[in-house]
Every structure is written in C-alpha cells, then in structure tokens.
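To start, the structure itself, in structure tokens.
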Amino acid sequence: MNKLKSEIIKFSKLLNSRKLSTLRSGNISVRFKKGFFITPSGKKYSSLKKKDIVYVSLKGKFDKNLGIPSSEWKFHQDIYLKKDEANAIVHSHSTNATALSVHKKSIPAFHYMVVLAGGNDIKCASYATYGTRKLSINILKALKNRKACLISNHGQIAYNDNLPKAFELAEEVENLSLQYITALKIGKPKILSKVEMNKILAKAKNYK
C-alpha cells in the first residue's frame, strides 16, 4: 500500500518535471483491491505526502476525514469499472494534447506510433464539465478499443496495466500531439492506410 502511494507521488512529481501538467493540474490513480488510490484535490504535487493520497472504492465511497480525492475521481472510477486491464491512469493537461483538444481534433494515422494507444487513431472525447458522470461517458466512448484519448477543451488521459506504462503512454500521446501540430503547419499530412495500420497493430502486440 505504501509502495503504491510512493509510486503515485513519484509520477505526480514527474507530471511537473516532464511538463505534462503544471502545479496541481491533472491527476494519477492506481487500482488497489476493490478501489483505487488517487491524488488529492487541490494540492501541489511538489508537496504531496503519503497521507495525502486518497483511497476511493469502486462504489465511489471515500472517507472525507482522510482527504478529498481529485475532483475528477469519477472518470477514474468508471474506467476501472469498465476496463479490467486498467491498473493505472494518468490524466494531464499537457500543452500539445490540450491544444489539439480545443479544436476537437483526434490524432489520425499520420505516424505509425499512434497504434501505441491501441488503434489506428487517438480519438478526442466530447466536452463535458469536469468531475461529471457525463465526462466519464464521453471519455469511455473515445477509449473504446483504446488505452488513451484526448479530452475536448481539457487535455488527455492514458491507462495501462501499471503506472510506469500509463505514464509513458501519456508522454507518447503528448509527443505525437506535438508532431501532428508541427506537420499541420507544413500542410496536410499523409495518412497511413488502414491496411498498413492493421499490420502495425499486429506488430505492436509484441512491442516492449
């Protein structure tokens, strides 16, 4: 339990140092038994302590006396309920992913590395007020057969079977977002065919 909390704190600080989110924006969680540990509401990552990490049950219950979870705990709950393979979730307001999201742009197959999110594109979830169940519904729709998506006028979210992998995927999404934005400045990028992307998807299953 303490190891998981320490891991959450470590990667929360990396959100800042790797410039995926600033100060206290974004959130991180890790599945634990019949619930999950998640970063608290309103605390700067640089000052996080183990006692600040909040446990939320999959039924959405938590002890307010022990802390208040991130205001966006509901979409973490819903992803864990719907995605058995999800053991860790990283949500960030990374600059380039957010820039695409405010135009409600998905990331198409302009580069084969898009498949790391699980499909031949990275979709952008429709906007809804943060912390609402409607936002969860929109995110889950964009995550169909995917491990990551953008969130309109908001940022990005990635999950995986452990926290290091989820964080790495969030970094990949941010890098792909930057590459796509740069490509758009030159003109209309060439998009790889579905046939080619299906080949890459098959190869990516063995990608470590």
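Basis for what follows: all heavy atoms, side chains included, without hydrogens, waters or symmetry-related copies.
The six-membered or imidazole ring of H154 lies near that of H91, with a centre-to-centre distance under 6.0 Å. Two rings, from Y180 and H111, have their centers 6.0 Å or more apart.
For NZ of K83, the number of neighbouring non-hydrogen atoms (other residues, nucleotides, ligands) closer than 6.0 Å is greater than 12. Heavy atoms from other residues, nucleotides or ligands lying under 6.0 Å from NZ of K199 number 12 at most.
In this structure, the side chains of R133 and Q77 come closer than 4.5 Å at one or more pairs of heavy atoms. The closest side-chain heavy-atom distance from C149 to I157 is below 4.5 Å. For the pair F37 and R31, the minimum side-chain heavy-atom distance is 4.5 Å or more. Looking only at side-chain heavy atoms (C-beta outward), L192 and Y112 come within less than 4.5 Å of each other. Side-chain contact check for P189 versus L184: some heavy-atom pair is nearer than 4.5 Å. Put simply, the side chain of L150 reaches to within 4.5 Å of the side chain of I107, judged on heavy atoms. By the 4.5 Å heavy-atom criterion applied to side chains, L140 and I79 are counted as neighbours. Proximity of K61 to V56: side-chain heavy atoms (C-beta onward) are nowhere separated by under 4.5 Å.
The hydrophobic cluster containing V90 also contains I9, counting ILVMFWY residues as joined when their side-chain heavy atoms lie under 4.5 angstrom apart, directly or transitively. Linking ILVMFWY side-chain heavy atoms closer than 4.5 Å, directly or via other members, places L163 and F32 in a single hydrophobic cluster. I89 and F167 sit in two unconnected hydrophobic clusters of ILVMFWY residues. Membership requires side-chain heavy atoms under 4.5 Å apart, directly or through other members.
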Derivation of the side chain to side chain contact (heavy atoms under 4.5 Å, CB included) call for I28 and L15: CA-CA 9 Å; I28 286 177; L15 279 178; 3.9 Å; yes
Hey, mind stepping through V173 and I122 against side chain to side chain contact (heavy atoms under 4.5 Å, CB included) and telling me if it holds? CA-CA 8 Å; V173 171; I122 299 173; 4.3 Å; yes
Under the criterion side chain to side chain contact (heavy atoms under 4.5 Å, CB included), I'd like the reasoning laid out for V54 against W73: C-alpha separation, chi angles, the key distance, then a yes or no. CA-CA 10 Å; V54 184; W73 63 266; over 6 Å; no
Between D78 and K82, does a salt bridge (Lys or Arg N to Asp or Glu O under 4.0 Å) hold up when you go through it step by step? CA-CA 6 Å; D78 289 333; K82 298 294 184 180; over 6 Å; no
Pair S57, F62 - check side chain to side chain contact (heavy atoms under 4.5 Å, CB included), show working. CA-CA 7 Å; S57 76; F62 55 89; over 6 Å; no
Decide yes or no on side chain to side chain donor-acceptor pair (under 3.5 Å) for Y127 and S101, but give the supporting numbers first. CA-CA 9 Å; Y127 178 81; S101 83; over 6 Å; no
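Salt-bridge check for K123 with D121: passed, with a basic side-chain N closer than 4.0 Å to an acidic carboxylate O.
Side chain to side chain, S21 and Y45 fail the donor-acceptor criterion of an N or O pair below 3.5 Å. If you check the side chains of S94 and Q156, you find a donor sitting under 3.5 Å from an acceptor.
Considering all non-hydrogen atoms of both residues, A166 and A88 come closest at CB-O, 3.7 Å.
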